Structures are given as structure tokens and as C-alpha cells.
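First up is the structure itself, then whatever we jot down about it.
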Amino acid sequence: MTLTAMQREIFDDEHDAFRDLCRTFIAKEITPHHERWEDEGQVDRSIWTAAGAAGLLGMGVPEEYGGGGVDDFRYNAVLDEEIVAAGTSGVGYPLHNDVVQPYLLRLCTEEQKQRWLPGFCSGELITAIAMTEPGTGSDLQGIATNAKQDADGDWILNGSKTFITNGILADLVIVVAKTDPDAKHLGFTLFVVERGMAGFERGRRLKKVGMKAQDTAELSFTDVRVPDANRLGEVGQGFVYLMQNLAQERLSIAVASVAGAEAALRTTVEYTKERKAFGRPVANFQNTRFELAEMDTEVSIARVFVDRCLREHVTSELSVPDAAKAKWWCSDLQNRVVDRCVQLHGGYGYMLEYPIARAFVDSRVQAIYGGTNEIMKEIVGRSLIG
């Protein structure tokens, strides 16, 4: 069933073929195992190397490093949409492809690219980024994790991070640390911490309301000796790099949010056609039709805006405020739509064996991570008043 009558014009035949590949891979390799992964709290590592072999990781990485060689975020968006449509929230590919990849491509030296990118693309090196701390959320300037350079040129890293996606499985973690406490926003630097470094410990795998198959963890760093060869980019430019890359992360969340709203609505339309109350399908009641009509309209409008943002991002024209608009509006929309869809399912909407119930608990975090929606509104508001 097609929810919107408007033709999407941002994809070509190659994107459509890639969508078929993603859909087939998810149906064969992920969906059959996802319920078990939810019980276990993380996916199997093998699903990462399987994705690498299928060409689903590092699509924008040059071929010489093992990637797809196509710098086109629309491929990322296709994969993100299909993961959400299938209800397979446990696989952390979007974090790997959409969030971490730009840092590695833009900031790595040639030696670092040779060292890390082949494994990144094959799925043998799973990645994460560690920004959030127990005492700071969206306020990145409040980061307390610190690194001091010793006489040998190495950096001694101390601190802790929390809510880190891929935190248990990650082999490479980009860590944001304060290197000059007096330099304000120019006092942060990025480091790549690798599995096995002395003093790098993973805490508990966090028990979340939703996204239960995704390994989210606490990380701690106690006198971790990080070679200067693992510094990412220039000293003191970490905050600047974060600001440059957050727009893509927020667009990624918007893409997933609209796809999630569409999936919830699609499921609900089919359910209301089949479910009967008072001797007739629930879809035959005017209230049901009005509810579905309102949601379909809102989702269609959101889809048009996000597709426009995707087009502008591909041509490097997407503004920070527009990415923030897309993130907060679409994640709020997803939560509104899923909540209304649960209501249309009645009691069954509260049962976890139904996809709509899992969508309900999985979607709530969309308004929180990537910067809370309140922060997004602040970004938009400041752009208006200067």
C-alpha cells in the first residue's frame, strides 16, 4: 500500500536497485534473528561482516580503501529507511555510516585511512562516537573527559561517557575530550580509542525502554595512553568538527523518523481493515478514517520536506537550521503518529508481539538523541533573531 500519492523524485534506478538489495538482506539476514537479539541486548558481530560483504557499509568510502566509492548520502538514506521499515532497530549501521564515516573521511591522515577504513567497510571494525557524559547531554561544551599530552607526545585520556550506541561491540571509538580547559569551544580534541587499549573499559550494557537489540553502553577511560597517531584532526578543533558533522546526523534521524511514521501508518491501515468491532471493520468508522487521513497528510508533508533536505545535503547546500527543523519536527511527528496508531489498535497495540507496540517504544528516543528537540528549536530560534 502506498501512503502518499506524490512521486519521490530524489532517487534514480541505481538507488532503487540498492533499496532492493537492502530489503533482501534485511529480510534474510536480520529479521529472522532480531527477536533473539532483543532478548540478548545486542546483535551478533557476524551481521556486521555480512553487511560489509553485501556492500552496505562505507558506501561513500573510496574504493581504494574497500568502500563503495560513491559519495551520495541518498544511499545511506535508503538503508536507513529500510532498516526502520522492517522494525530492525538493533543494527547500528546508521551510526557507523551516517555519523562516524564523515569524521574518518574528512579528518584521517593517509596512514589512518589505510589503517582503519578497510575494516570499517568490511564490518571487521565496528565504530562508535563518544560525546555524551553522565553529567552532560546536549551541552557539548560541558564535556569533562580530558586528555593531556605527555613528554613522549602521547595523550593520557581520563573520563567517562554514557549512552554510547555500539558501545559494547565497537572496536574504534571516536572520543571527544577537553585538551585545553581555558580555551572554551577551542579546547576540545578528537581521539580514536581502539579495543584493547589499557585503561579503556566498557561498563554495563544499558537497559533501555526500546531499541533493545542495540548495544548501548557506558565507557570509561582511566589513564588510557592514546598515541598522537590516533589523534583525529587538529588539536583544539574537536568542537568545530562536531558542529560540521551534526547536520548530517540530524538529517539521518529525520529520515528514519519519517520512515518510522510511514511504517506505523502502513501497519495500522492494514490492521483497521481486518479488525472488526460492532460487526464491521474498524476502518469503516468515520473517526478511524479521519485519524488515518490526518496522519497520512502530515507524513506526506514531512516526506516532501525531508526529501528536499536530502537533495540539498547531497549538493552541500543543507543549512544547520534546516537540518534542526527536520530533526525535531519529524521525530515529534513520528511519536505522534505511533501513539495514535497504538490507539487505533486498541488493546493489541499494547502487546509487544505486535509491530506497533515495538515501534512505540523504539521511536521515543528519536526526540532525544542527536541533540534534544528543545536544542533543535534553540538552533532555529537563534537563526531567526541572530
Side-chain angles (χ1 to χ4, degrees), residues 73 76-77 80 84 89 92 94-103 106 127-145 161-167 173-178 184-185 187-188 190 206 208-211 214 216-219 237-261 302 305-306 309-310 312-313 318-336 362-385:
F73 187 76
N76 300 51
D80 296 349
V84 173
S89 60
L95 186 281
H96 190 79
N97 286 328
D98 303 355
V99 181
V100 175
Q101 179 181 289
Y103 289 94
R106 295 172 187 171
T127 62
I129 185 165
M131 292 186 252
T132 307
E133 298 185 359
T136 63
S138 297
D139 178 19
L140 297 179
Q141 294 198 50
I143 287 172
T145 296
K161 303 288 183 177
T162 193
F163 308 145
I164 307 304
T165 302
N166 294 346
V173 182
I174 297 176
V175 179
V176 186
K178 185 175 291 186
K184 297 184 179 180
H185 70 282
F188 298 91
L190 305 183
L206 300 174
K208 307 184 297 295
V209 172
M211 291 187 148
Q214 189 181 94
T216 305
E218 298 171 327
L219 306 180
Q237 294 299 301
F239 191 80
V240 175
Y241 298 144
L242 293 176
M243 294 303 101
Q244 291 172 343
N245 287 319
L246 280 172
Q248 178 165 299
E249 178 179 355
R250 289 162 182 167
L251 177 58
S252 173
I253 295 170
V255 168
S257 294
V258 176
F305 181 69
V306 169
C309 288
L310 278 170
E312 292 195 353
H313 184 58
L318 180 65
S319 70
V320 169
D322 280 346
K325 291 175 189 177
K327 191 273 179 183
W328 87 256
W329 175 261
C330 294
S331 59
D332 270 11
L333 172 65
Q334 181 184 8
N335 279 297
R336 293 198 308 272
D362 284 348
S363 64
R364 184 59 183 86
V365 74
Q366 298 284 80
I368 298 174
Y369 60 19
T372 65
N373 284 0
E374 290 74 20
I375 295 295
M376 298 303 99
K377 293 174 187 178
E378 181 69 13
I379 292 170
V380 176
R382 287 182 180 179
S383 75
L384 295 175
I385 64 175

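Everything quoted here is computed from the prediction, not taken from an experiment.
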Is the shortest side-chain heavy-atom distance between Asp98 and Phe73 below 4.5 Å? yes
Residues in side-chain hydrogen bond (donor to acceptor under 3.5 Å, both in side chains) contact with Asn373, at least two apart in sequence or another chain: Lys327, Ser331, Asp332
Lys NZ or Arg CZ of Arg336 over Trp329 ring: under 6.0 Å, within 45°: yes
For the NZ atom of Lys161 and the CE atom of Met131, what is their distance to the nearest 0.5 Å? 9.0 Å
Closest heavy-atom contact between Val173 and Ala130? CG1-CB, 3.8 Å
Checking Ala247 now: which residues fulfil side-chain contact (heavy atoms from CB on, under 4.5 Å) with it, not counting sequence neighbours? Ala323
Got a second to check how far Ile164's CD1 is from Ile129's CD1, nearest 0.5 Å? 9.0 Å
Passes side-chain contact (heavy atoms from CB on, under 4.5 Å), Ser252 versus Asp80? Steps please. CA-CA 8 Å; Ser252 173; Asp80 296 349; 3.4 Å; yes
Can you list the residues that meet the salt bridge (charged side-chain N to carboxylate O under 4.0 Å, His left out) rule with Glu374, with sequence neighbours excluded? none
Who pairs with Ser89 by side-chain contact (heavy atoms from CB on, under 4.5 Å), at least two apart in sequence or on another chain? His34, Met211, Asp362
Checking Gln248 now: which residues fulfil side-chain hydrogen bond (donor to acceptor under 3.5 Å, both in side chains) with it, not counting sequence neighbours? His313
Rounded to the nearest 0.5 angstrom, the CG-CD distance for Leu190 and Gln237 is 10.0 Å
Tyr369: ring pair (Phe, Tyr, Trp, His ring centres under 6.0 Å) partners, not counting sequence neighbours: none
Is any side-chain heavy atom of Val306 less than 4.5 Å from a side-chain heavy atom of Val255? yes
Just jot down the side-chain hydrogen bond (donor to acceptor under 3.5 Å, both in side chains) partners of Ser319, sequence neighbours excluded, or say none. Asp322
Set of side-chain contact (heavy atoms from CB on, under 4.5 Å) partners for Ala326, sequence neighbours left out: Ala254, Phe305, Cys309
For Glu218, side-chain contact (heavy atoms from CB on, under 4.5 Å) partners two or more places apart: Thr162, Arg204, Leu206
Would you compute the distance between atom CG of Asn335 and atom CD of Gln366 and round it to the nearest 0.5 angstrom? 8.0 Å
Nearest-0.5 Å distance that lies between atom OG1 in Thr127 and atom OH in Tyr103: 11.5 Å
Would you please name every residue forming a side-chain hydrogen bond (donor to acceptor under 3.5 Å, both in side chains) with Thr216, sequence neighbours left out? Lys208
Looking only at heavy atoms, the pair that brings Val380 and Ala324 closest together is CG2-CB, 4.0 Å
Give the table of side-chain donor-acceptor pairs shorter than 3.5 Å for residues 238-245, with sequence neighbours excluded, one pair per line with atom names and distance.
from: Tyr241; atom 1: OH; to: Glu234; atom 2: N; distance (Å): 3.0
from: Asn245; atom 1: OD1; to: Arg106; atom 2: NH1; distance (Å): 2.4
from: Asn245; atom 1: ND2; to: Tyr241; atom 2: O; distance (Å): 3.3

Do we see a donor-acceptor contact under 3.5 Å between the side chains of Ser363 and Gln334? no
Quick one about Asn76 and Asn97 (side-chain donor to acceptor, distance below 3.5 Å, no hydrogens or angles considered), yes or no? no
Test of understanding: with salt bridge (charged side-chain N to carboxylate O under 4.0 Å, His left out), list the residues that count as partners of Lys178, not counting sequence neighbours. none
Identify the heavy atoms of Arg250 and Gly371 that sit nearest to each other, and give their distance. NH2-CA, 4.3 Å
side-chain contact (heavy atoms from CB on, under 4.5 Å) for Leu310 and Leu251? Distances and angles first, verdict last. CA-CA 8 Å; Leu310 278 170; Leu251 177 58; 3.9 Å; yes
